[in-house]
Amino acid sequence: MVLGELGKKLSTALSKMNSSQVLDNKVFNEMIGEIVTALLQADVNVQLVKKVRDDIKKKVNLEKIPSGVNRRKLIHQVVFDELVALVNPRKKAPKIPEQKSKTGEIKYKPYVIMFVGLQGSGKTTTCAKLAHHYKNKKKKVCLVCADTFRAGAYEQLKQNALKAGVPFYGSYTEQNPVKAAREGVKHFKKQKMEVIIVDTSGRHKQEEGLFEEMQEISEAVNPKNVIFVMDGTIGQSAFDQAKAFQERVTVGSVILTKLDAKGTKGGGAISAVAATGSPIIFYGTGEHLYDLEPFNAKSFISRLLG
Ligand code: GDP
């Protein structure tokens, strides 16, 4: 994962405090200052950074820490917990229901996932990766192309579906994305598919037309989970972008892409979680089907701090 710069700066701030001869308020405040700078330089939203700073200060009062408690360790833990909280909202990601009831009887419960995100964020690639992931978990999974905006989207998803070995629904000629989504989902429900993944179109930037389309598709297919796909290399704009989607469709979870790419600062990731209040469930580390890793906030921060 290339979030090196942010990680390096955060762990330098902590180790400086660890190796200082005395641990007084000056050293403590310097450490907080360095953490704040590191997060801001990584494009984490300013309000979030302020909250981290204030929370650390609230939780650590050097004068009040009882003797016998390892103060450096305690501060380390507080900082770690604050960073984990940044990428770990209280809300849990929706789960795919079991098809079998407790008595063993099969009760068909289709689970529709709708992907949203800007063009180029990695949506289509990630749809196929996720389908591949569920297929490996022995789920009956399929892909629906509701991207009628971008020429070539249908062919791209079709090729990806073939690679992933999952059924696919789409049309070269259908121009109405809402209809394409509705028909695709209907088609696969008839086939008793468990997980139906709907890929939607994006635009290069946030536009009213896009959000309207997302809302209409969401109303037509009634997804159990809307996954917001975000390019992990984007910076400050991540917060606004994520918020704009959240306002129109209820985002249930986030997938970050391109965490393998140079220039991925990580701040966007953190901001997207804050804006949607939804957890990151996976992150993409490359262009291939298997380049998808489950996201765990604690191990993400542990790796970040090295
Ligand atoms: P969409 O317009 O949102 O559907 O985006 P695409 O799925 O077409 O992806 C845009 C580009 O990003 C393609 O060249 C993908 O191969 C690439 N891409 C997607 N995910 C990742 C990732 O995790 N890492 C890297 N390095 N590239 C990715």
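Note that ligands are numbered from 1 as they come in the structure, with each ligand's atoms numbered from 1 the same way. This chain uses plain numbering: 1 for the first residue, then up along the sequence.
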I'd like a table of the close N/O pairs between ligand 1 and the protein (anything under 3.5 Å), one pair per line with both atom names and the distance.
unit_1	atom_1	unit_2	atom_2	d
ligand 1	2 (O)	Gly120	N	2.7
ligand 1	3 (O)	Gly120	N	3.3
ligand 1	3 (O)	Ser121	N	3.2
ligand 1	3 (O)	Ser121	OG	3.3
ligand 1	3 (O)	Gly122	N	3.0
ligand 1	3 (O)	Lys123	N	2.8
ligand 1	4 (O)	Thr124	N	2.9
ligand 1	4 (O)	Thr124	OG1	2.8
ligand 1	5 (O)	Gly122	N	3.1
ligand 1	7 (O)	Thr124	N	3.3
ligand 1	7 (O)	Thr125	N	2.8
ligand 1	7 (O)	Thr125	OG1	2.5
ligand 1	8 (O)	Gln156	NE2	3.0
ligand 1	16 (O)	Glu287	OE1	2.7
ligand 1	23 (O)	Lys129	NZ	3.4
ligand 1	23 (O)	Lys258	N	3.0
ligand 1	23 (O)	Gly284	O	3.4
ligand 1	23 (O)	Gly286	N	3.3
ligand 1	23 (O)	Gly286	O	3.2
ligand 1	24 (N)	Asp260	OD1	2.8
ligand 1	24 (N)	Gly286	N	3.3
ligand 1	24 (N)	Gly286	O	3.4
ligand 1	26 (N)	Asp260	OD1	3.3
ligand 1	26 (N)	Asp260	OD2	2.8

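Around the CD atom of Glu208, the shell of radius 6.0 Å holds more than 12 heavy atoms that belong to other residues, nucleotides or ligands.
At distances below 3.5 Å, at least one donor-acceptor pair connects side-chain atoms of Lys123 with backbone N or O atoms of Thr200. A donor-acceptor pair is defined here as one N or O able to donate and one able to accept, closer than 3.5 Å; no such pair exists between the side chain of Thr276 and the backbone of Val251. Side chain of Arg248 to backbone of Met214: no donor-acceptor contact under 3.5 angstrom is found.
Screening Glu183, His187, Lys189 for a side chain to side chain contact (heavy atoms under 4.5 Å, CB included) with Val185, the sole residue that qualifies is Lys189.
Cation-pi contact between Lys192 and Tyr108: present, with separation from the ring centre below 6.0 Å and deviation from the ring axis of at most 45°.
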